[in-house]
Amino acid sequence: MLFDSLNKDFVAAYKARDMVKKDVLSSIISKCKYKKVEKNGSGELSDLDVLKIIEKTIKELDEEILSFTEAGESYKDRVDNLKLQKEVLVNYLPKQLTEEEILNIINSLTDKSLPNVMKYFKANYSGQCDMAKVSQIAKNLK
């Protein structure tokens, strides 16, 4: 399970004194535990739940990187640190679909309307593709 893998990697990073990896994994683990409490503490988090948390955190890191980059050269160290954190998290995501693969999947669908395409990808390929990219490709087909 992905959550167990995160915990093991956190312990390994802690022992290796890899502060960047330790800090970002600690943050993800905390968010996962919070999500579990939100679900009334019942049961385990699925890998999909953990992937959603990781994806959301990566988006937040992208926004921070953009903000600090626009703020100027004095924040270069902060930007570099954020990029390292993002690299750590990207390794936990499944292989992402390419634009060509997304296009082939859309072309194989009988109903190529945008709501149907989005629903199909969300149900079958969640975590394996950027939904904004899917939306853009589907819109360009028309």
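Under 4.0 Å is where a charged nitrogen must lie from a carboxylate oxygen, and between Lys8 and Asp4 no such pair does.
Tyr14 and Leu25 are not part of a single hydrophobic cluster, where members link through side-chain heavy atoms under 4.5 Å apart. Both Leu61 and Leu93 belong to a common hydrophobic cluster when Ile, Leu, Val, Met, Phe, Trp and Tyr are linked at side-chain heavy-atom distances under 4.5 angstrom. Tyr120 and Met131 fall within a single hydrophobic cluster, where Ile, Leu, Val, Met, Phe, Trp and Tyr side chains are chained together by heavy-atom contacts under 4.5 Å. Ile54 and Met1 fall into different hydrophobic clusters, where Ile, Leu, Val, Met, Phe, Trp and Tyr are joined by side-chain heavy atoms under 4.5 Å apart, directly or via other members. Under the 4.5 Å side-chain contact rule for hydrophobic residues, Ile28 and Met19 do not share a cluster.
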**Report entry** Glu55 vs Leu89, side-chain contact (heavy atoms from CB on, under 4.5 Å): CA-CA, chis, key distance, verdict
**Finding:** CA-CA 8 Å; Glu55 288 173 345; Leu89 293 180; over 6 Å; no
Query raised in the report: Are Ile105 and Leu97 close enough, and set up right, to give a side-chain contact (heavy atoms from CB on, under 4.5 Å), and what steps lead you there?
Result: CA-CA 10 Å; Ile105 294 168; Leu97 295 174; 4.0 Å; yes
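Glu100 CD to Ile102 CD1: the interatomic distance, rounded to the nearest 0.5 Å, is 11.0 Å. Note that CG of Leu103 and CD of Glu99 are 9.0 Å apart. Values are rounded to the nearest 0.5 Å. In this structure, NZ on Lys31 lies 12.5 Å from CG on Leu6, to the nearest 0.5 angstrom. Taken to the nearest 0.5 Å, the CD1 atom of Ile58 stands 11.0 Å off from the CD atom of Glu87. Lys119 NZ to Leu109 CG: the interatomic distance, rounded to the nearest 0.5 Å, is 12.0 Å. Summarising the geometry, atom OG1 belonging to Thr57 is positioned 14.0 Å from atom NZ belonging to Lys52; distances are rounded to the nearest 0.5 Å.
Atom OH of Tyr75 is surrounded by 12 or fewer heavy atoms from other residues, nucleotides or ligands within 6.0 Å. Within 6.0 Å of the CD atom in Glu101, the count of heavy atoms belonging to other residues, nucleotides or ligands exceeds 12.
Phe3 and Asp47 make their closest contact through N-OD1, 4.4 Å (heavy atoms, listed as atom of the first residue, atom of the second, distance). Summarising the geometry of Pro94 relative to Leu51, their closest heavy-atom pair is CD-CD2, 3.6 Å, with the distance given to 0.1 Å. Nearest heavy atom pair, residue Leu2 against residue Tyr92, reads CD1-CD2, 4.0 Å. Closest non-hydrogen pair, Leu45 versus Cys32, comes out as CD1-O, 3.0 Å. Heavy-atom minimum distance, Lys86 versus Ile65: CD-CD1, 4.5 Å. When all heavy atoms of Ile106 and Val134 are compared, the closest pair comes out as CD1-O, 4.2 Å.
Looking at heavy atoms from C-beta onward, Lys112 lies in side-chain contact with Asn107 at the 4.5 angstrom threshold. A heavy-atom distance below 4.5 Å is found between the side chains of Lys35 and Glu38.
With no hydrogens or angles considered, a side-chain donor-acceptor pair links Ser46 and Asp49 at under 3.5 Å. Using a 3.5 Å distance cut-off with no hydrogens or angles, the side chains of Gln85 and Asn81 do pair a donor with an acceptor.
A donor-acceptor contact shorter than 3.5 Å links the side chain of Asn116 to the backbone of Asp111. Side-chain N or O atoms of Ser30 include one that pairs as donor or acceptor with a backbone N or O of Ser26 at under 3.5 Å. Remark: side-chain polar atoms of Ser67 are paired, donor with acceptor, to backbone N or O of Glu63 under 3.5 angstrom.
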